[in-house]
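Following: one structure in structure tokens, then a few remarks.
FYI, the numbering just counts along the sequence from 1. What you are looking at is a predicted structure, and each value in this text was computed from that prediction instead of being measured.
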Amino acid sequence: QVAAASVAFHAGFAIESFRFPMSGESFLLQWWVSYLVTVFWIVAVTNAVNLIDGLDGLATGISMIMAATMAYVCLTADQIPGVIYGVAIIGGTLGFLPYNFPPARIFLGDTGALYLGFSISLLAVEGYMGGYRRASVLPFVVPLMALAVPLIDTLLSIVRRVRSGSGVFSADDLHIHHRLLRTQGSHSRAVIFLYLLTACFCSIAVYFTILEDLRFAFVLLAIVLILTIRLLRNLGVFAEWGEAAKPAAAPAEAEQKDSG
């Protein structure tokens with residue numbers, strides 16, 4: 001994955017600049033910093049999309065929504081190669097989805113999910129530069145919002161597995177889509193719910209490309225953060241962390257009783 005990301009970097013898919021949101025001052029990143037940031041982003045998104053491929057049609061549909069969003073961002077910034085790349089992803093996923101939606105007849109597999117993740121990560125780099133060229137107040141938020149669902153799920157998975165002492169790449173059934181499957185009761189409902197959630201984040205991403213008021217941008221970002229935390233709380237993510245901490249406290253309580 002690092003080798004593939006390095007090839008993409010040298011082909012021109014690079015995060016080369018950054019703008020401070022408070023001052024509006026922008027600067028070019030040094031070559032090695034740009035390389036590290038770009039490779040990290042590509043590898044992270046590639047694996048994030050692969051991790052959400054736990055329900056029929058989920059990774060395919062979410063990738064299609066994210067690709068449509070980033071293609072639109074590229075269109076508004078006159079980045080025609082990004083638009084063509086995004087439309088190609090949309091076409092591929094749209095043709096595949098009817099056969100992959102639950103109950104699925106064909107599947108992405110690791111190869112398909114990793115390829116989609118890799119493609120989306122490159123398109124997101126184009127979208128980031130599109131927001132930067134349009135002088136958006138928070139251009140780095142655009143790809144983060146568009147890819148929020150797989151990125152949040154990946155971050156929670158890493159935190160959960162580190163806290164439990166298991167391997168970061170070990171499998172479990174505690175992903176967001178697994179929790180929704182238990183609450184919604186069917187694969188189709190859980191998948192459609194995550195489609196809608198992704199569409200909401202992507203709509204916000206598009207709005208960030210046209211925002212000019214920094215204060216309103218931070219208010220909107222805070223609202224999104226609060227609503228996301230509320231959703232995770234309703235799914236029992238934070239309650240699970242509290243339960244995981246209880247066994248660690250038990251030995252200390254037992255020692256106190258013995259000493260008493």
| task | Flag yes if Val206 and Tyr195 sit in one hydrophobic cluster, no otherwise; membership is Ile, Leu, Val, Met, Phe, Trp, Tyr, and two members link when side-chain heavy atoms are under 4.5 Å apart. | result | no
| Got a sec, which residues hit side chain to side chain donor-acceptor pair (under 3.5 Å) with Thr69, two or more places apart in sequence or on another chain? | none
| request: Report yes if the side chains of Glu16 and Leu29 come closer than 4.5 Å at any heavy-atom pair, otherwise no. | output: no
| message | Return the OG to CZ distance between Ser188 and Phe193, rounded to the nearest 0.5 Å. | response | 15.0 Å
| message | So which atom in Ile90 and which in Ala68 form the shortest heavy-atom distance, rounded to 0.1 Å? | response | CD1-CA, 3.5 Å
| Are Leu51 and Leu155 connected, step by step, through hydrophobic side chains (Ile, Leu, Val, Met, Phe, Trp, Tyr) whose heavy atoms are closer than 4.5 Å? | no
| field | Shortest non-hydrogen contact from Ser34 toward Ile15 | value | OG-O, 2.8 Å
| query | Heavy-atom distance under 4.5 Å between the side chains of Phe201 and Leu196, does that happen here? | reply | no
| said: Donor-acceptor check, side chain of Thr76 to backbone of Val73, threshold 3.5 angstrom: yes or no? | reply: yes
| field | Closest heavy-atom pair and its distance - Ala113, Val49 | value | O-CG1, 3.8 Å
| query | Hey, quick one: are Phe118 and Val7 part of the same hydrophobic cluster, counting side-chain heavy atoms closer than 4.5 Å, chains of contacts allowed? | reply | no
| said: Would you compute the distance between atom CG of Leu122 and atom OG1 of Thr38 and round it to the nearest 0.5 angstrom? | reply: 10.0 Å
| message | Within this structure, what is the CG-CD1 distance for the pair Leu123 and Ile84, rounded to the nearest 0.5 Å? | response | 12.0 Å
| query | Is a side-chain donor or acceptor of Ser121 paired with a backbone partner of Thr46 at a separation under 3.5 angstrom? | reply | no
| query | Where the side chain of Ser63 meets the backbone of Leu116, is there a donor-acceptor pair that is under 3.5 Å apart? | reply | no
| remark: Shortest non-hydrogen pair, Leu97 vs Gly57, comes out as CD1-O, 3.8 Å
| query | Less than 4.5 Å apart, any side-chain heavy atom of Gln1 and any of Ile42? | reply | no
| message | I'd like to know if the side chain of Asp56 reaches the main chain of Pro102, judged simply by a donor and an acceptor atom lying under 3.5 Å from each other, with no hydrogens or angles considered. | response | no
| request: Might you point out which heavy atoms bring Phe107 and Asn100 nearest each other, and give the distance in Å? | output: CA-ND2, 3.7 Å
| query | Looking only at heavy atoms, which two atoms of Leu151 and Val45 are closest? And how far apart? | reply | CD2-CG2, 4.3 Å
| Does a donor on one side chain sit under 3.5 Å from an acceptor on the other, for Tyr35 and Ser6? | yes
| message | side chain to side chain contact (heavy atoms under 4.5 Å, CB included) for Phe9 and Leu36? Distances and angles first, verdict last. | response | CA-CA 10 Å; Phe9 175 82; Leu36 291 178; over 6 Å; no
| In Å, rounded to the nearest 0.5 Å, how long is the span from CD1 of Ile89 to OG of Ser119? | 4.5 Å
| query | Between Met70 and Trp41, is there a shared hydrophobic cluster once you connect ILVMFWY residues whose side-chain heavy atoms come closer than 4.5 Å? | reply | yes
| message | Distance check, rounded to the nearest 0.5 Å: Leu108 atom CG versus Asn50 atom CG? | response | 9.5 Å
| query | Do the side chain of Thr154 and the main chain of Pro150 share a donor and acceptor less than 3.5 angstrom apart? | reply | yes
| Nearest 0.5 Å, what's the CD-CZ distance between Glu126 and Phe13? | 5.5 Å
| task | Please check if Ile204 and Met66 belong to a single hydrophobic cluster, counting links between Ile, Leu, Val, Met, Phe, Trp and Tyr side chain heavy atoms closer than 4.5 Å. | result | yes
| said: So Leu58 and Asp53, do their side chains get closer than 4.5 Å, heavy atoms only? | reply: no
| note | Joining Ile, Leu, Val, Met, Phe, Trp and Tyr whenever any side-chain heavy atoms lie under 4.5 Å apart, the cluster holding Val87 also takes in Leu75, Val83
| message | Does atom CZ (Phe101) have a neighbourhood of more than 12 heavy atoms from anything else shown, all under 6.0 Å? | response | yes
